[in-house]
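Worksheet: one structure, shown below.
For this chain, numbers begin at 1 and follow the sequence in order.
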Amino acid sequence: AYVHRASLFFSLALYAVKVRAEAMQRASEAVPSGMLSVIGRREANYKFACLEARKHCESLGIENPVCEISNYLFPDSRVIAGHLQALEFLQENARKYYFTRTKMLPVSGAFHTRLMEPAVEPLAEALKSIEIQKPLVCVYSNVDGKKYMHAKHIQKLLVKQVVSPVMWEQTMHSVYERKQGTEFPYTYEVGPGKQLGAVLKKCNLKAWKQCNHVDALEDEEISET
């Protein structure tokens with residue numbers, strides 16, 4: 001959830017995160033599930049692959065199996081989440097679906113899928129007790145890749161995010177949308193790792209050229225010398 005600090009108090013945001021995390025953990029424990037990072041060729045049809053994985057689960061006797069795209073990262077890269085049997089099927093049949101690389105993520109459940117539905121109501125109730133203000137700067141929801149418009153909009157989409165795929169690639173397109181001839185802004189990736197910068201490079205090469213990484217430890221290292 002990407003909400004500007006002026007929208008709600010930090011302590012209340014932590015409370016909402018705690019409720020969300022505990023509810024999602026309970027949902028994860030109810031069904032053996034997970035998330036699979038996939039990089040595919042241009043011919044890859046992720047939705048068809050998910051459909052066949054669900055049919056495979058049904059053949060095993062699993063009722064209402066879940067296997068769906070949970071993250072749109074960048075062109076030719078998706079995260080697929082659902083029942084473990086479905087993800088194992090996709091790994092075993094990767095070549096058939098034109099997947100060039102598959103990797104299970106070290107998470108406890110199928111986040112951003114309908115398997116997280118038990119976590120929706122607890123989060124919705126928690127957010128009812130929290131006052132949310134309209135952000136002072138443009139903030140984008142990864143549910144639809146668009147700007148939050150008002151407080152109720154934020155509240156609605158934070159709940160929807162629990163069971164909706166993360167539209168990161170679409171969000172990057174929205175954030176960097178510019179009229180032709182307009183320069184891209186400077187972008188700073190702060191903290192450990194450079195994954196977001198790498199994803200930006202895949203989504204928008206021109207914007208990435210003005211992207212810099214700031215390691216959170218740099219100032220501490222300087223002060224110690």
Side-chain angles (χ1 to χ4, degrees), residues 1-2 16-41 43-124 140-145 156-172 193 195-196 198-199 202-203:
Y2 310 103
V17 170
K18 179 176 182 291
V19 170
R20 179 179 183 266
E22 291 175 345
M24 291 175 71
Q25 182 60 36
R26 289 193 295 270
S28 297
E29 293 169 355
V31 178
S33 58
M35 304 180 79
L36 181 72
S37 175
V38 177
I39 294 180
R41 290 161 54 183
E43 303 96 317
N45 187 327
Y46 303 95
K47 292 185 178 180
F48 175 71
C50 289
L51 173 62
E52 294 215 322
R54 290 195 297 270
K55 289 181 178 179
H56 168 73
C57 287
E58 289 173 350
S59 72
L60 299 177
I62 299 173
E63 295 184 5
N64 300 316
V66 173
C67 183
E68 55 198 56
I69 298 172
S70 62
N71 286 258
Y72 292 81
L73 295 176
F74 55 85
D76 303 323
S77 178
R78 305 284 186 270
V79 174
I80 296 174
H83 282 80
L84 285 180
Q85 295 90 334
L87 304 183
E88 290 166 357
F89 173 83
L90 292 179
Q91 284 188 297
E92 292 169 2
N93 294 276
R95 292 183 64 183
K96 175 183 177 181
Y97 301 116
Y98 301 102
F99 297 163
T100 57
R101 192 185 76 182
T102 61
K103 180 181 179 181
M104 288 295 296
L105 299 181
V107 297
S108 59
F111 304 135
H112 303 291
T113 72
R114 59 184 175 86
L115 286 177
M116 292 294 110
E117 283 180 357
V120 168
E121 190 59 31
L123 178 59
Y140 294 77
S141 168
N142 57 31
V143 171
D144 56 12
K156 177 182 177 181
L157 290 183
L158 287 181
V159 174
K160 190 174 181 181
Q161 184 199 42
V162 174
V163 292
S164 300
V166 174
M167 302 288 190
W168 189 259
E169 179 183 346
Q170 295 85 340
T171 301
M172 290 295 93
Q195 293 89 342
L196 296 182
V199 171
K202 297 283 188 179
C203 292

Nearest-0.5 Å distance, [atom1] of residue [X] to [atom2] of residue [Y]:
X: N142; Y: Q161; atom1: CG; atom2: CD; result: 4.5 Å
X: S33; Y: L115; atom1: OG; atom2: CG; result: 5.5 Å
X: T113; Y: E68; atom1: OG1; atom2: CD; result: 5.0 Å
X: L73; Y: Q195; atom1: CG; atom2: CD; result: 11.0 Å
X: H112; Y: Y72; atom1: NE2; atom2: OH; result: 13.0 Å
X: S37; Y: L87; atom1: OG; atom2: CG; result: 11.5 Å

query: Near F74 CZ, under 6.0 Å, is it more than 12 heavy atoms from other residues, nucleotides or ligands?
result: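 Yes, because the 6.0 Å sphere around CZ of F74 holds more than 12 heavy atoms from other groups.
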- request: Decide, yes or no, whether a salt bridge links E169 with R78 under the criterion of side-chain N to carboxylate O below 4.0 Å.
  value: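 Here E169 pairs with R78 in a salt bridge, since their nearest N and O are under 4.0 Å apart.
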Are [X] and [Y] packed together at the side-chain level, in the sense that at least one heavy-atom pair is separated by less than 4.5 angstrom?
X: R54; Y: I62; result: no
X: S28; Y: M116; result: yes
X: I69; Y: K47; result: yes
X: H56; Y: N93; result: no
X: S108; Y: Q25; result: yes
X: V38; Y: L90; result: no
X: E22; Y: K18; result: yes
X: F111; Y: V166; result: no

Tell me the closest heavy-atom pair linking [X] and [Y], and the distance in Å.
X: K202; Y: P75; result: O-CD, 3.9 Å
X: G82; Y: A110; result: N-CB, 3.4 Å
X: L123; Y: A16; result: CD1-O, 3.9 Å
X: I80; Y: C50; result: CG2-SG, 3.7 Å
X: G40; Y: A44; result: CA-CB, 4.2 Å
X: H83; Y: C57; result: CB-SG, 4.4 Å

query: Is the backbone of I39 close enough, under 3.5 Å, to the side chain of T100 for a donor and an acceptor to pair up by distance?
result: yes
query: Does any N or O in the side chain of Y46 come within less than 3.5 Å of the main-chain N or O of Y97, such that one atom is a donor and the other an acceptor?
result: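 Between the backbone of Y97 and the side chain of Y46 there is no qualifying donor-acceptor contact (under 3.5 Å).
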Stepwise side chain to side chain contact (heavy atoms under 4.5 Å, CB included) test for L84 and M104: CA-CA 10 Å; L84 285 180; M104 288 295 296; 4.0 Å; yes
